[in-house]
Novice: 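Pasting in a structure now, in structure tokens, and then I'll have a few things to ask.
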Number of protein chains: 2
Amino acid sequence: MKDQSTEENILKAAISVFQKKGMAGARMQEIADEAKINKAMLHYYYKSKQKLFEAVFRQAFEKFAPHINQVFNSDKSVFEKITEFTDSYISFVMENPYLPNFLIQEINNNPEFADLFFGSEIAPNPLRFKKQIEDEIEMGILKPIDPKQLLLNLFSLTAFSFVGTGLVRGILNLDEKTFKSMMEERKILIPKLLINSIKK
Amino acid sequence: MKDQSTEENILKAAISVFQKKGMAGARMQEIADEAKINKAMLHYYYKSKQKLFEAVFRQAFEKFAPHINQVFNSDKSVFEKITEFTDSYISFVMENPYLPNFLIQEINNNPEFADLFFGSEIAPNPLRFKKQIEDEIEMGILKPIDPKQLLLNLFSLTAFSFVGTGLVRGILNLDEKTFKSMMEERKILIPKLLINSIKK
DNA sequence: AAATAGTTTAACCAAATGGTTAACAAATGT
DNA sequence: ACATTTGTTAACCATTTGGTTAAACTATTT
């Protein structure tokens, strides 16, 4: 093999382009350019735009899922899970700013395709977490709350700022520096808000 | 004029298609089909895809902005604003499920274009609200908090569920009925959570 | 070194897509 | 009634875009 990293370069370029522009907006030529190879190579290594997109989607989903699974499956307390998820998720997304938006967008545009992932092994399963909440309520650690609403609050508070960056920054008139420092603040602010609202 | 509602029909169809598929994914033919007219009519009333898109975007922005302005400019107390925004915004979005996602997506894809709106008359301005928060802190109604973080929390908690519907429903395993009833619950849950976290 | 298998490119292709044109139809003004 | 403006359509056009092909080049095997 001339260069065993060609396939890898293609995937990297595809990730970059697909995550920024989405399936519909991405152009095979642009991916080829970014990977510095001929367009035909895309089809040599990946059969089609759809297949290449699927590789990118899979990679994104597999990178994202562990953060959720940490909340769903680890042995930490609910308080610890909230604190740790917020911190690690915000750090993660600051490194991968296009990823959550990409996942959300493509799942919305393509529900049948997305269901393939939600039915799979790597798909996070909220059952254990639900049980944990019920246990901690019974133990008198937590107020009676709906686990689903708690998760929704947690995901909303951590993810929305990044998914809606443009809108948020437009409305609140934030420059990039202010935005970033606010996100750092939120690593502490969000757990405080949530824990305070559920601890007995 | 043969039918004075043709232009209106086009805009309606364009709203439907653009909001679901975005600028990149929308097809002029599909808009024409949905409006039940010839494709050439699109160019007769609106010069180009870009112009048609801009009309759709403007309409969406103008529908959305008042909800924010209600928070920024009305004379209600902070507590009332939180309660009323949550209720009216969730109701609004349940009627217009594609709108927030559309705005967010196109603003992210097209920041320069979006800045045209954030600089305009209809653009919400957070200054008065910031002042109000400072006043209410001084009056001893509110704990010392950052107005921007409060707004971010409010927007996150209300909007994210809709923007990330697919992902949220996939992860939490929610059918449409459960999702909707959760959104109704959130009209009460969110103000409670937020107000409790800021009232002195 | 010759044969073989794997990699890369330039040129090409068909379909899709945004947009145009020219002719026709309907309404409106005189 | 007739001319003019406005609305509508079918056919067409140029470009973009995803995808293919055949030949060339490189590495590996024998």
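Chain A is the first sequence line, chain B the second, and so forth, proteins listed ahead of strands; every chain is numbered from 1.
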Novice: Measure CG/Asp33(A) against P/dT9(C) and give the value in whole Å, please.
Specialist: 12 Å
Novice: Separation of Lys49(B) atom NZ from dG19(C) atom P, in whole Å?
Specialist: 8 Å
Novice: Any side-chain N or O of Thr6(A) less than 4.0 Å from the OP1 or OP2 oxygen of dT8(C)?
Specialist: yes
Novice: Would a 4.5 Å heavy-atom cut-off, applied to side chains only, mark Phe102(B) and Phe64(B) as touching?
Specialist: no
Novice: Over how many whole Å does the gap from Lys36(B) atom NZ to dT8(D) atom P extend?
Specialist: 15 Å
Novice: Please classify the nucleic acid contact of Met41(B) as base, sugar-phosphate, or nothing, using heavy-atom distances under 4.0 Å.
Specialist: base
Novice: Once you round it to whole Å, what is the distance between C1' of dT17(C) and CZ of Phe53(B)?
Specialist: 18 Å
Novice: Assess whether a salt bridge exists between Glu176(A) and Lys180(A), defined as any Lys/Arg side-chain N lying under 4.0 Å from an Asp/Glu carboxylate O.
Specialist: yes
Novice: Round to a whole Å and report the spacing from CE of Met28(A) to P of dT15(D).
Specialist: 23 Å
Novice: Under 4.0 Å between a Lys/Arg side-chain N and an Asp/Glu carboxylate O for Asp75(A) and Arg128(A)?
Specialist: yes
Novice: Would you indicate which nucleotide in dT21(C), dA10(C), dG19(D) comes nearest to any side-chain atom of Ala40(A)?
Specialist: dA10(C)
Novice: Please state whether the phosphate of dG18(C), meaning OP1 or OP2, lies under 4.0 angstrom from any side-chain nitrogen or oxygen of Arg27(B).
Specialist: yes
Novice: Over 60° means perpendicular and under 30° means parallel, so tell me whether Phe53(A) and Phe113(A) are parallel, tilted or perpendicular.
Specialist: tilted
Novice: Rounded to whole angstroms, how far apart are CD on Glu30(B) and P on dG18(C)?
Specialist: 10 Å
Novice: Nearest nucleotide by nearest heavy atom, which residue falls closer to the 5' end of DNA chain D, Lys39(B) or Asn38(A)?
Specialist: Lys39(B)
Novice: Using a strict threshold of under 4.0 Å (side-chain N to carboxylate O), is an ion pair present between Glu134(A) and Lys131(A)?
Specialist: no
Novice: Between dT5(D) atom P and Tyr44(B) atom OH, what is the distance in whole Å?
Specialist: 12 Å
Novice: Counting side-chain heavy atoms from C-beta on, which of dG18(C), dT8(D), dG19(D) comes nearest to Ser48(A)?
Specialist: dG19(D)
Novice: Please report, rounded to the nearest Å, how far the P atom of dG6(C) is from the CD1 atom of Ile37(A).
Specialist: 20 Å
Novice: By the 4.0 Å heavy-atom rule, please label Ala26(B) as base, sugar-phosphate, or nothing.
Specialist: sugar-phosphate
Novice: Please state whether the phosphate of dT8(D), meaning OP1 or OP2, lies under 4.0 angstrom from any side-chain nitrogen or oxygen of Tyr45(B).
Specialist: yes
